[in-house]
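To start, the structure under review is shown below, and the notes come after it.
Computed from a prediction, not measured in an experiment: that's the story for all the values here. Values below: every heavy atom of this structure, side chains too, minus hydrogens, waters and symmetry copies.
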Amino acid sequence: MNKDKLMDELQKETPFVDALEKYTYSNCVPFDVPGHKLGSVETELSNKEFGVIYKYDCNAPRGLDNLNHPHGVIEKAEDLAAKAFGSEKAYFLVNGCSEAIHVMLMSCLCEDDHILIPRNAHKSVINALILSGATPIFMDPDLDKEYGIAKSLSFESVKRYIDDNPFAKAILLIYPTYFGEVCDLKSITEYAHSKGLIVLVDEAHGSHFKFCSDLPISAIECGADLVASSLHKTGLSLTQSSILLKQGNRVDESEIRTSINILQSTSPSSLFIASIDAARKALYFDCDRLMHQVLEYGKEFREKCKSLKHIQVLNKEHFINNGSFNYDESKLILSFKDLNLSGVKVYQILKDKYNIQAELGEQLVILFILSSGTKKEHLDKLFDAIKDIDNTYEKSKTNLPEYKYHYPKQIVKPRIAFEAIKEDVLLEDSYGLVAAEQIMIYPPGIPLIIPGEQIDEVIIKTINDYISNECLLLKDSPEKYIRVVKKEK
Ligand SMILES: Cc1ncc(COP(=O)(O)O)c(C=O)c1O
C-alpha cells in the first residue's frame, strides 16, 4: 500500500470513540463517579433530547485511558491527530485553546524570560504571562483605520522587533487574527529560528487550515514549534475541547506534560475527548470538500452584496491591498458605517429581529464565521436580513466616532501587578493608577487594558463607550469599578 493509502486507512480509525461506545453499551456496573451513573438518575436535562449524552459521560474507567497520562486509546487517538495535523505530537485538552496557550508559555518560559507578543493577543496569552512570570515585549499591530481592525504583523515589522530584542527567548504569533488575516508565518518562523527564538502560535481560529486546500497553510506547515488550536471553533469538536501540536525539539516534551498536568482537571470530560477524536477524522476526510463548497457560497454572497446601497463587504483584495500577506475567506466581514450603524448595534439587531447569531460586532464592522457546518440557506437568510437593513435604515451624514487604536503604557509586567496588593476604585477616579485586572469585551476577548498597564483618559472613555453600547464587559471588579495596584501612602 502506498503512503497516502496507508494514511487514509489509519485515519478511518477512532480509537477513543470506539472504546467509549463499547464501554457505554457493556452494561458495566458503575461504582465510580460521575454520580449520575451513566444517566440512571432523572434530571431536568436527562429527560430532554440531550439526555442521551449522559450515557457517554464517564470519568476514566478501565479501558478508556487517562488524559493526563495517556498510554492506551487516548495515546492512539492523539497519535492519529498528530499525523493528520502533520505534527510530531498532539495533546488533547479539555479547557479550551486557553489551556493550550497557558501550556505553551508555561512549558518554555520562566520568571526571567522575555517573549515577543502582539498586543492584540487574546486574554489567555496575558494570563499565561501571569502563570509563567515571563516579561512581555509587546509588538504593536498596524491598524486598518478605515474599518477599525487590528491587522496581523508584517515580516519587516516582526524582524525589527526580533532584532531590537536579542535577549527574547520566544515569540508568539496570532495566525490567523480573529478577522482572518494571516502573516507570513513561514518567513517569520525561519527568521526567528535563525535567531534562536522558540515560535509559539495561537491558531485558535485556524484549525481547519491544514485540511482545506483553498485556505492559507497551517502553522505547523510554516514550521512553528508549538501550536494552540481551538478545535471547537472551526474544527468540529465540542466547545471547550482543543488541541496542542508540537514539532521539533526546541521545547521539552516533559515540560509540556508537567504544565498540562498542573492546569488540567483530573476528571476530563469523555465527551470532549471523544469529540476531538471524531473531529480529527471528519476534518481529515470531509473538510476539504465541505469548505470548498462553503467558500463558493461565500463568493456568491459577496457577489450579491454588490447590489446593496450602503453596506460594504471586506474581501480578500481589501486585505491584500492593505498589506496583508494572506486572508482566510471563511471569515465574512461587513461594515454598516455608511448607515451610521456600529457592528455592535447590527449584532444586536440581527439576533433580536432576524434570529441570526453573528460571531462578533466591533465598532465599525461585524464578523460572521463560515465553517464546514455552514449551509447555503444560512447565507441566504443572512443576505435577506442584510438587504432589509440596507433598505430600512437611512444613509446618515453623521459619522460613527473614529476608531481609537490605543494600548496604555506598561509600567510593570503582568505577574507583578497580579501579585501586588490591590483595591477596587471607581473607574472615573482611576486616572494614572496601574491596572491589576484585564478588561475586555467578549467576544473577541482582546484586553483593552491588562495588569501592569497605566490607566489613562482614552481607556476610561473607551470602557465607558462600551458600557453605554451595552457590550458585555469581562472584568473581575464590580460594575463601575476597576481593580488597581494599591498605591503606597
Ligand atoms: C485568538 C484567540 N486565542 C485564544 C482563544 C481562547 O480559546 P478558548 O475559548 O477555546 O479557550 C480565543 C477565544 O476566543 C481566541 O479568539
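- Counting only distance, with no hydrogens or angles, the side chain of E88 and the backbone of G248 share a donor-acceptor pair below 3.5 Å.
- Remark: L236 CG to L290 CG distance equals 8.0 Å, nearest 0.5 Å.
- Looking at D286 and R289, a side-chain N of the basic residue comes within less than 4.0 Å of a carboxylate O on the acidic one, giving a salt bridge.
- Side chain of D384 to backbone of K381: no donor-acceptor contact under 3.5 angstrom is found.
- By the 4.0 Å N-to-carboxylate-O rule, E9 lies too far from K5 to be salt-bridged with it.
- Using modelled atom types, one finds no donor on one side chain facing an acceptor on the other under 3.5 Å when comparing H102 with N95.
- Side-chain atoms of E437 come within 3.5 Å of backbone atoms of D476 as a donor-acceptor pair (strictly under, hydrogens ignored).
- Here the side chain of S242 pairs a donor or acceptor atom with the backbone of G96 at under 3.5 angstrom.
- Without hydrogens or angle criteria, S270 side chain to C58 main chain gives a donor-acceptor distance under 3.5 Å.
- Checked options I217, V182, V227; the residue passing with C222 is I217 (criterion: side chain to side chain contact (heavy atoms under 4.5 Å, CB included)).
- Note that CE of M104 and CG of L172 are 5.0 Å apart. Values are rounded to the nearest 0.5 Å.
- No side-chain heavy atom of Q410 sits under 4.5 Å from any side-chain heavy atom of V412.
- A donor and an acceptor atom, one from each side chain of D202 and H122, are nowhere located under 3.5 Å apart.
- One N or O on the side chain of D277 and one on the backbone of F16 form a donor-acceptor pair closer than 3.5 Å.
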Original post:
What's the verdict on side chain to side chain contact (heavy atoms under 4.5 Å, CB included) for F368 and L379, showing C-alpha distance, side-chain angles and the deciding distance?
Top reply: CA-CA 10 Å; F368 304 88; L379 281 161; over 6 Å; no
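- Looking at E21 and Y56, their side chains do bring a donor and an acceptor atom within 3.5 Å of each other.
- Checked by atom type and distance alone, the side chain of R483 never pairs as donor or acceptor with a backbone atom of A435 at under 3.5 Å.
- You'll find the side chain of L67 reaches within 4.5 Å of the side chain of Q264, heavy atoms only.
- Across all non-hydrogen atoms, the minimal contact from V94 to E99 is N-OE1, 3.5 Å.
- Looking at I149 and L314, their side chains come closer than 4.5 Å, going by heavy atoms from C-beta outward.
- Checked by atom type and distance alone, the side chain of Y327 pairs as donor or acceptor with a backbone atom of F179 at under 3.5 Å.
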**OP:** Start with the C-alpha gap between E111 and R415, add the side-chain angles, then the distance that decides, and say whether salt bridge (charged side-chain N to carboxylate O under 4.0 Å, His left out) holds.
**Re:** CA-CA 9 Å; E111 189 85 52; R415 165 83 79 92; 3.4 Å; yes
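- For residues 59-97, the set of pairs meeting the ring pair (Phe, Tyr, Trp, His ring centres under 6.0 Å) definition, not counting sequence neighbours, comprises H69-H71, F85-F211.
- Judged purely by atom type and a 3.5 angstrom limit, E203 uses its side chain to pair as donor or acceptor with the backbone of A219.
- P34 approaches N59 most closely through the heavy-atom pair CD-N, 3.8 Å.
- Of the possible donor and acceptor atoms, one in the side chain of D225 sits under 3.5 Å from a partner among the backbone N and O of V199.
- A side-chain donor from one of D8 and Y284 sits under 3.5 Å from a side-chain acceptor of the other.
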